[in-house]
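Side chains are part of it too, since the values below use all heavy atoms of this structure and drop only hydrogens, waters and symmetry mates. Counting from 1, the numbers follow the sequence of the chain as shown.
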Amino acid sequence: MNKKNTMKKMAALALGMALTVGATGCDFVVTDNEKDLAQTVATVNITERLKQDKTYKNSVDDLSAIIGNLSADITKRDLIAYFMSTGYQYVESYGYTYEDTFNMLLDNLISSEIMVQYAVAYYFKQGEEDGSITGKKCQEYIASELAKVSNKKEKELLKAHPEVLTLKYFLTDGGKNENDATEEYNPLEEYERTVYSLKKSINNSLDSMEANYVKADEEEHDHEETRTLPTNVGTQKSDYYTNDYGVYTGRNTVDSCGEYEAIDGSTTATRRKAYNNFLANLKGYNLISTTKGAVEDTKDVTLLDYYYVELGSALGSALINKYFEDLQDSVINSLDETYVTKKYDEMLAKQQRSYEGDTSAFDSALGSVSDTSFVLYGLEDFGFVYNILIPFSDVQNMQYSEAQGMGITQTQQFNVRRDLLAEVEGEDLRSSWISKHDHANYSYQKDGDDNYYFFKDNMQTPDKYESLKHYAGLIPYNGTVVEEDDEYKCTSNKVSVEDVLGELDKYLDKISDGRLSFEGDYDSRYEKGDDYYDEKENVDYSNFVYYKGNVKVNGVAMKDTQINPSDYHKEGTDLYNMVSVVNELMFAYSTDTGCLNSYMGYSISPYSTNYMPEFEFAAQEAVKDGVGTVIVAPTDYGWHIIITSAKYLGGNVYSGYNHDEREVEGTFSYYFYESLKSSAASSYASEVQANVLKEYDNEDSVTRFEKAYKDLLELDQ
C-alpha cells in the first residue's frame, strides 16, 4: 500500500557502530571486552501489562509467544552503538553530560522497543478480529518462510533472529505475498523498501570509506569551485526502492549488485580495503560472532549475524512507521470540507487584521512564505522578483573604484559606470558541473547532440529522483568543451545582457511550443548621459532603466492574462514554465547566489527597502507592472535583469479553499490541505505515542540494569 507519509518519522537506532566508528571525530573509546559489551542494560516485554488491558487480555497467550520472538534485550553494545551514531553530538556540540546522554539514549531505545511490541499487538488484534492473523498462522508463516530458504547459513541466521520473519509477517499484513498484490497494493512493499534502505546505507558507508582509498591511489586533481546546484540534484525519492540492488564488497562484482553504482575511481582493490575496514570495525566491537573459536564467514555481508541484527532493528522501525501511517487515516477523515474551510477562513481573517494595520508584518510574512506557510491576504504592489546579475569584471571594478577615488562628482561617477556597463559581459558559470570525474560531474550529452546538458537523473528518471522544481533543463552549456590530459577543459562564451534576453525568448518558446515569448524595448533616457535628476535635483532612478519588456502568452503580456497564483507551483502552466526558464538562466549566468534556490525570488515592498536604490526602483516598478515584467537596470555590481514572479493585488490572494482540489498537486488547496494533514497527523502520532509509553513504560514492562552501564554514566568524573 503506497501511502504518503505525512508525519515525522519515529527516531530509530541507525546502522550500528561499524558504520560510524572512525568517521565521527569522537574521542569516546570503548575498551570493554566482549562479555562486558554483551551485558543486558534493559529488557522490554509488555506482555504482563497487556493482561491488564481489556482489549488484549484474551489475546495475551498468543501475543506472549509472538513478542517472545522479538528482540527484547537491549545490550550495552546497543547503547554504545547508539552513542557513536548519535549521542556523541549531544556531548560535543550541545554540552550534555555523558550521564544525561546515555540515560536519554537508553530511554529512546526502550521507547522504540515498546512501540514495536505495541504495534505488533495492535496489528495482531486487528487481524484476530477477522481471522487473518493468529498466533498459529504467524508460526506457520515463519516455518513456511524458513522452508523456502536453501542457503544453510541464511536459514541458521533466520532461526537465530526470529524477530526478522515475525516482523515481516506483520509488515506484510499477515504474511501476504506477491500473489495478493494488485495494481494499487503490494503487500511486500514496506518489507522490500526496508531491505533496500539497509543495503543502501551499508553501501553508502562503504562508499565513504572507499573514497579515502581512492583519493590515496589517484593522482591529485583540482576542481574549480562548484557552482551552486539546484535543490534536489541527485536526490532519490524517499519512497523509491528496487529489489535489484546488492551490497558491493569487492569480494563480489559491481554487475552482480543491480542498480548500485560504484563511486568514481573505484577498483576491486579499493572496495576490498573499504570492506576490510568495515569488518575490522565490527570485529573491534565484537560484532563478528564466533562459533567454537571459528570466525564467521565474512564474504557476504548479508550473511553476517550483524546484518540480521540491523535488519531486525530496521524492520521494527518500519512497523512503527506503518502503525502511525495507518492511524492517520482517522485524523485525515476528520479533515472534512467544513473543518478545512473554517481553518482557511480563520487564517485569512487573522492575516487581514494583522497586515492591514502593519505593512511590516506583511513584509515579514513574505520572507517566510513556503509550501506550508501561506500568505492568504495580500497588500497591493508587494511581490517577488528573480534577479540575474551580470557583473563587472575584476578589471572593471578596479577601474570604477579608481574613478570614484579621484573625487569626481556623482554625475561623473554615473557616467563612468555607464561607460563601463556598455562593456560588461557575463559567462556561463556551469563549467564546474562538467568533469571527467563522476563525483564532480553533473553533465550528459543527448543522442545526436554535441551540447552538454545537466542533471540527467532528475530530468529523465522522474520515478526515482526528485523533481528539480522550476528548472527547465533545456539550456545547454554555453561554451566549448575539449578533452585535455584526461580532463575536460571548459571555456565559457561571453554573453551580453542582450544575449541573455535573447536566450530568455528562445527557451520560453521552446518550453511552451511557441505559446510563450518575450518582447521589450530599450529606454532612450538611459542614453542621455547627464539626465539623472528630477526638477528638485534628486536622483531620478527611472532614468537608469536600460530595458523594459514582458513575457507574453500567445502575444498577450502575461500580466494582462488571468493568472492563478497557485500556477506558480503547477507544472505545465504558463507561469510555471516561465519561472522555470528564468530560474535556469539564473543558474547559468547570475553571480547573485542569494536568489538561487529561493522560494519565489526576492520579496519586494513598495516602501523603502535595504536594496540598492537603482535595484529597489527597478524591482518595485517590475512588481507594480505585473507578473512577467522584465526590467534591466544597473547598480555598482553590474547589470540586473529583474523578472517579476509574483504580485499581490491587495485583498484575498486565492479564491478560497476548494475541497475538490485537495488531491490535485500544484494547487493551493492541495498544499493547504497537506499542511493541515501533516500537522494533525504529527500531533496525533505524538499524542498516541505519549499515551502508549505512559501505559507501558513502567516496572511491569521494563527492567533497567544500571549496574551494567554505570561506568558509562561515570565518564564525566
OG1 (Thr172) and CD (Glu178) are apart, to the nearest 0.5 Å, by 10.5 Å
- Taking the six-membered ring where the residue is Trp, are the ring centres of Tyr654 and Phe672 under 6.0 Å apart? no
Check your understanding: Is Tyr196 close to Asn243 at the side-chain level, that is, under 4.5 Å between some pair of heavy atoms?
Key -> no
- prompt: Got a salt bridge between Asp428 and Arg430, using NZ or NE/NH1/NH2 to carboxylate O under 4.0 Å?
  reply: yes
So OG of Ser580 and CG of Leu474: to nearest 0.5 Å the spacing works out to 9.0 Å
By side-chain hydrogen bond (donor to acceptor under 3.5 Å, both in side chains), Glu621 pairs with (sequence neighbours left out) none
Are the charged groups of Arg515 and Asp574 less than 4.0 angstrom apart, N to O? yes
Checking Leu229, Asn597, Leu429, Ile475 against Phe587 for side-chain contact (heavy atoms from CB on, under 4.5 Å), the one that qualifies is Asn597
**Message:** Apply side chain to side chain donor-acceptor pair (under 3.5 Å) to residues Asn564 and Tyr568 and explain how you reach the verdict.
**Reply:** CA-CA 8 Å; Asn564 187 332; Tyr568 181 90; over 6 Å; no
Just wondering, more than 12 heavy atoms not from Glu423 lying within 6.0 Å of its CD? no
Only one of Glu190, Glu189, Glu192 passes side-chain hydrogen bond (donor to acceptor under 3.5 Å, both in side chains) with Tyr241, and that residue is Glu192
| Have Asn478 and Tyr589 got a donor and an acceptor in their side chains that come within less than 3.5 Å? | yes
Q.
Would you say CD of Glu663 has more than 12 non-hydrogen atoms from neighbouring residues, nucleotides or ligands within 6.0 angstrom?
A. no
Note to self: Run Glu184 and Thr182 through side chain to side chain donor-acceptor pair (under 3.5 Å) and show every step you take.
What the structure shows: CA-CA 5 Å; Glu184 297 180 350; Thr182 65; over 6 Å; no
If the threshold is 4.0 Å, N to carboxylate O, is there a salt bridge linking Asp636 and Arg417? yes
Is the shortest side-chain heavy-atom distance between Leu504 and Val582 below 4.5 Å?
yes
_For Asp244, I'd like to know if atom CG has over 12 heavy atoms of other residues, nucleotides or ligands within 6.0 Å._
yes
Can you say whether the rings of His470 and Tyr576 are parallel (under 30°), tilted (30 to 60°) or perpendicular (over 60°)? tilted
Taking the six-membered ring of Tyr488 (Phe, Tyr or Trp), confirm whether the NZ or CZ of Lys436 is under 6.0 Å from its centre and within 45° of its axis. yes
* Expected output: side-chain Glu487 to main-chain Glu484 donor-acceptor under 3.5 Å -> no
message = Looking only at the aromatic ring of each residue, does the gap between the centers of Phe455 and Trp433 stay below 6.0 angstrom?
response = yes
Would you call Lys273 and Glu210 a salt bridge, taking side-chain N to carboxylate O under 4.0 Å as the test?
no
Looking at Lys510 and Asp505, does any basic side-chain N land under 4.0 Å from a carboxylate oxygen?
no
Validation row, ring centre Phe374 to ring centre Tyr671 under 6.0 Å
no
Hey, is NZ on Lys299 packed in by over 12 heavy atoms from elsewhere, all under 6.0 Å? no
May I ask you to decide if Lys559's main-chain N or O and Asn550's side chain share a donor-acceptor pair within less than 3.5 Å?
-> no
Residues pairing under salt bridge (Lys or Arg N to Asp or Glu O under 4.0 Å) where one sits in residues 197-207, two or more places apart or in two chains, turn out to be Asp207-Arg271
Between Tyr637 and Phe392, is the ring centroid distance below 6.0 Å? no
OH of Tyr260 to CG of Asn252, rounded to nearest 0.5 Å, is 10.0 Å
Closest non-hydrogen contact found for Asn458 with Asn232 is ND2-O, 2.8 Å
The reported gap from CG in Asn203 to CD in Glu261 (rounded to nearest 0.5 angstrom) is 11.0 Å
| query | Would you call Lys489 and Glu483 a salt bridge, taking side-chain N to carboxylate O under 4.0 Å as the test? | reply | no
Distance col, row Tyr191:OH vs Asn177:CG, nearest 0.5 angstrom, shows 13.0 Å
- Are a donor atom and an acceptor atom from the side chains of Ser496 and Asp499 found within less than 3.5 Å of each other? yes
Original post:
If only atom types and distance count, is the side chain of Ser678 paired as donor or acceptor with the main-chain N or O of Ser675 below 3.5 Å?
Top reply: no
